[in-house]
Amino acid sequence: MRRLEGFYVVFSAELNRSDNGRLHALHQALRDDLILGVTDLYPGYVNLYVEFDAVQTDRTTVCGWVRTHLPAALDAQHEPRPPVMLPVRYDGEDLTDVAARTGMSEREVVRLHTEPDYHVYAVGFTPGFPFLGEVPEALRLPRRDTPRLKVPFNAVAVANAQSCVYVLPSPGGWHLLGTALTTIYDPGRDAPFLLSPGDTVRFVEAQGETPAPLGIRPLWPDVPARPALRVEKPGLFDLLVDEGRFLQAHHGMARSGPLDERASALANQIVGNPPGTPLLELTLLGPTLTALQEVVLAAVGYGMTGQVAGRAVPASSPFLLRAGETLRFTPTGEGARSYLAVAGGLETRPFLGSSSVDRTGRVGRPLMAGDVLGLGRAAVLATAASKLLPGIPADLTLRLLPGPQATYEALVALGSAPFRVREGDRMGIRLEGPEVPGGRSSVKPRRTARCRSPLLGSPSCCSMTGAASVGTRSLPSSTQKTSPWLASCGPINLSIFGPTCLASLRVGRAAGSCLHEV
């Protein structure tokens, strides 16, 4: 199993186009010369997060690799790329209000918004969502006081010095000027993303129909070659997962993959599958499945137990489900999720190297009644032995790594007393305990572990991204290495936070100090 670690390469304290261009030059150079063990690169506004698997490599090797490419990136002169032309129908519901607040006519607002060549500072929030700068000074307005619960697909918006395109329907507080007539992100295309960090964009006024809303890109075939399991009744949230989607963070794609890596890896091992073989993640409840052929299965996790003909199947052990037999699940009340592996794996249609459902995008969906899942290959039961998971302890100690927006006050509060797990679901767990100061966040790359809390309130651990946060403010990170039970906690477990330090690589301006650790 991987042990993910990482560090930041910090280019500047404040956002500016030149340093952002150098950041993207380094990011591209590193992508062009990837070394064994590097699992992802997360370019943000002012820093680049370098993630690696400490099982395959070490921090010294990865830092040396980054240092090798830094001089050329720092010396690079940022030259705008040929602009991507984005046609926009300027009919946004905030256009009139923006004109009134800036003292201009609507035509003048459109003219100013289409005048600059915009720089893609970062991509994130949702897959493919571009953060573009700079908006002309006369058009700059703060975000709306009350964000919308749902901004329409392809809406073009502005806030402060930035513009954007909402590539998926989502909440948002920016001012809507119009509708993009070109789809920025489409998982059904061979090249899903139209824009990348460092690109140049020019908006062009146009007329036309809004593109059709995005469909769901399927992750398994409608008619499998080896039909194995039919879904009679779905559970609460049954997902196809594998190890996750690596090296796609620069396009805002979530890693996805199993929330409890240890349990999913164990399920595959029990039925003789190679690591990372696609399997099912079951949350809180489980599906009802009928075998269409003889299959060997293993159910591993704390959330539920399987039953065939009213008899419980052995926990964390291989069992045979004959053609026509039906498998059901009963919640244990002790945890949030379990994993169901099939000997031979499941037949899938990977997207960007992974068969994991993207919980934030349009890739895959939960199981539905009538779905038929097929075997990926003929099963060979190489390992037919029980592999019991250890029980969840009453108290968990989480090792926290301060994130880019962590504050001293928040770290002290998180480490001051135990927190009780109040509830857990497919997105993560919510905690209750001492109040933790938080705040609003700027855009940041997603990686393992974020901590959330309101401006002042109780934090939550977001298992979907592996993070802990306070409101929308990114705080420390918890690692699966030191908290393997985090993703499976039920409402009875306690968590105690103990903050530690996270090293960064900081890019300096003085000669001889272009890189140092802090």
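Computed over heavy atoms, backbone and side chain alike; hydrogens, waters and symmetry mates excluded.
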Using modelled atom types only, decide if a donor and an acceptor are shared between the side chain of Ser338 and the backbone of Met304 within a distance under 3.5 Å.
yes
Pair Asp358 + Arg217: basic N to acidic O under 4.0 Å:
no
Kindly give the heavy-atom pair with the smallest separation between Ala341 and Val271, and that separation in Å.
CB-CG2, 3.9 Å
At their closest point, which heavy atom of Ala157 faces which heavy atom of Ser163, and how far apart are they?
O-OG, 2.8 Å
Would you please name every residue forming a side chain to side chain contact (heavy atoms under 4.5 Å, CB included) with Pro213, sequence neighbours left out?
none
Considering the options Leu367, Leu346, Leu279, Leu373, which one meets the side-chain contact (heavy atoms from CB on, under 4.5 Å) requirement together with Leu240?
Leu346
Ring pair (Phe, Tyr, Trp, His ring centres under 6.0 Å) involving Phe246 - partner list, sequence neighbours excluded:
none
Locate the shortest heavy-atom distance separating Gly364 from Ile216; write the atom from each residue and the value.
O-CG2, 3.3 Å
Taking only residues two or more places apart in sequence or in another chain, which ones pass ring pair (Phe, Tyr, Trp, His ring centres under 6.0 Å) with Phe329?
none
Per-pair distances, 0.1 Å, donor-acceptor, side chain in residues 167-184, under 3.5 Å, sequence neighbours excluded:
residue: Ser170; atom: OG; partner: Leu168; partner atom: O; Å: 3.4
residue: His175; atom: NE2; partner: Pro142; partner atom: O; Å: 2.5
residue: Thr179; atom: OG1; partner: Asp91; partner atom: OD1; Å: 3.4

Between Asn273 (side chain only) and Val342 (backbone N and O only), is there a donor and an acceptor less than 3.5 Å apart?
yes
Do the side chains of Leu352 and Met253 get nearer than 4.5 Å, heavy atoms only?
yes
Check: Gly208 main-chain N/O paired with Arg89 side-chain donor or acceptor under 3.5 Å:
yes
Tell me, please, which residues at least two apart from Glu325 pass salt bridge (charged side-chain N to carboxylate O under 4.0 Å, His left out).
none
Using the rule given for side-chain contact (heavy atoms from CB on, under 4.5 Å), can you reason through Leu195 versus Val201, listing the C-alpha separation, both sets of side-chain angles and the distance that settles it, and then say yes or no?
CA-CA 8 Å; Leu195 301 176; Val201 173; 3.6 Å; yes
List the atom of Ala225, the atom of Glu347, and the distance in Å for their closest heavy-atom pair.
N-OE1, 2.9 Å
If you take the centroid of each ring, where Trp contributes its six-membered ring, are Phe153 and Tyr166 closer together than 6.0 Å?
no
Is it true that Glu261 and Arg2 have a side-chain N and a carboxylate O under 4.0 angstrom from each other?
no
Is there side-chain contact between Leu280 and Tyr339, with at least one heavy-atom pair below 4.5 Å?
no
Check: residues 285-299 side-chain donor-acceptor pairs under 3.5 Å, at least two apart:
residue: Thr290; atom: OG1; partner: Glu232; partner atom: OE2; Å: 2.9
residue: Thr290; atom: OG1; partner: Thr326; partner atom: OG1; Å: 3.0
residue: Gln293; atom: NE2; partner: Pro227; partner atom: O; Å: 2.9

Quick one: do Arg255 and Glu51 satisfy salt bridge (charged side-chain N to carboxylate O under 4.0 Å, His left out)? Show the steps, please.
CA-CA 12 Å; Arg255 172 69 45 78; Glu51 180 191 81; 2.7 Å; yes
Please examine the side chains of Val313 and Arg311, heavy atoms only from C-beta on, and report whether any two atoms are closer than 4.5 Å.
no
Go through the steps to decide whether Leu219 and Arg349 satisfy the test side-chain contact (heavy atoms from CB on, under 4.5 Å), and finish with yes or no.
CA-CA 5 Å; Leu219 285 172; Arg349 297 175 56 194; 5.7 Å; no
The side chain to side chain contact (heavy atoms under 4.5 Å, CB included) partners of Ala54 (sequence neighbours excluded) come to Arg3, Glu5, Phe52
Listed by chain and number, what are the side chain to side chain contact (heavy atoms under 4.5 Å, CB included) partners of Leu34, not counting sequence neighbours?
Val38, Leu41, Trp65, Leu247
Which pair of heavy atoms, one from Gly128 and one from Tyr185, lies closest together, and at what distance?
CA-CB, 4.4 Å
Strictly distance-based, threshold 3.5 Å: is any side-chain N or O of Arg189 a donor or acceptor partner for the main-chain N or O of Ala191?
yes
Quick one: do Phe237 and Leu239 satisfy side-chain contact (heavy atoms from CB on, under 4.5 Å)? Show the steps, please.
CA-CA 6 Å; Phe237 207 74; Leu239 299 180; 3.3 Å; yes
Residues Pro314 and Phe319: closest non-hydrogen pair is CD-CB, 4.2 Å
Any non-hydrogen side-chain atom of Leu30 less than 4.5 Å from a side-chain atom of Leu48?
yes
Any non-hydrogen side-chain atom of Val372 less than 4.5 Å from a side-chain atom of Pro224?
yes
With heavy-atom distances below 4.5 Å as the criterion, would you say the side chains of Asp371 and Arg365 are in contact?
yes
Hey, can you tell me if Phe129 and Phe131 have their rings parallel, tilted or perpendicular (30° and 60° cut-offs)?
tilted
Are the side chain of Thr277 and the backbone of Pro274 linked by a donor-acceptor contact shorter than 3.5 Å?
yes
Going by the ring pair (Phe, Tyr, Trp, His ring centres under 6.0 Å) test, which pairs reach into residues 247-288, not counting sequence neighbours?
His27-His250, Phe193-His251
Between Leu340 and Leu327, is the side-chain contact (heavy atoms from CB on, under 4.5 Å) condition met? List the steps.
CA-CA 11 Å; Leu340 183 68; Leu327 173 65; 4.1 Å; yes
Are the side chain of Arg230 and the backbone of Ala369 linked by a donor-acceptor contact shorter than 3.5 Å?
no
For Asp238, what residues pass the salt bridge (charged side-chain N to carboxylate O under 4.0 Å, His left out) criterion, not counting sequence neighbours?
none
Can you sort out the partners of Asp186 under side chain to side chain donor-acceptor pair (under 3.5 Å), two or more places apart, ordered by chain and number?
none
Flag the pair Glu93 / Arg148 as yes when at least one side-chain heavy-atom distance between them is below 4.5 Å, and no otherwise.
yes
Is it true that a side-chain atom of Thr283 and a backbone atom of Arg337 form a donor plus acceptor pair closer than 3.5 Å?
no
Examine distances only and state if a side-chain atom of Ser355 and a backbone atom of Pro278 form a donor-acceptor pair shorter than 3.5 Å.
no
Test side chain to side chain contact (heavy atoms under 4.5 Å, CB included) applied to Ser354 - qualifying residues, sequence neighbours left out
Asp242, Arg245, Ser356
Taking the side chain as every heavy atom from C-beta outward, state whether Leu214 and Arg362 have any pair of such atoms under 4.5 Å apart.
yes
From Leu266 CG over to Ile270 CD1, what is the distance, rounded to the nearest 0.5 angstrom?
4.0 Å
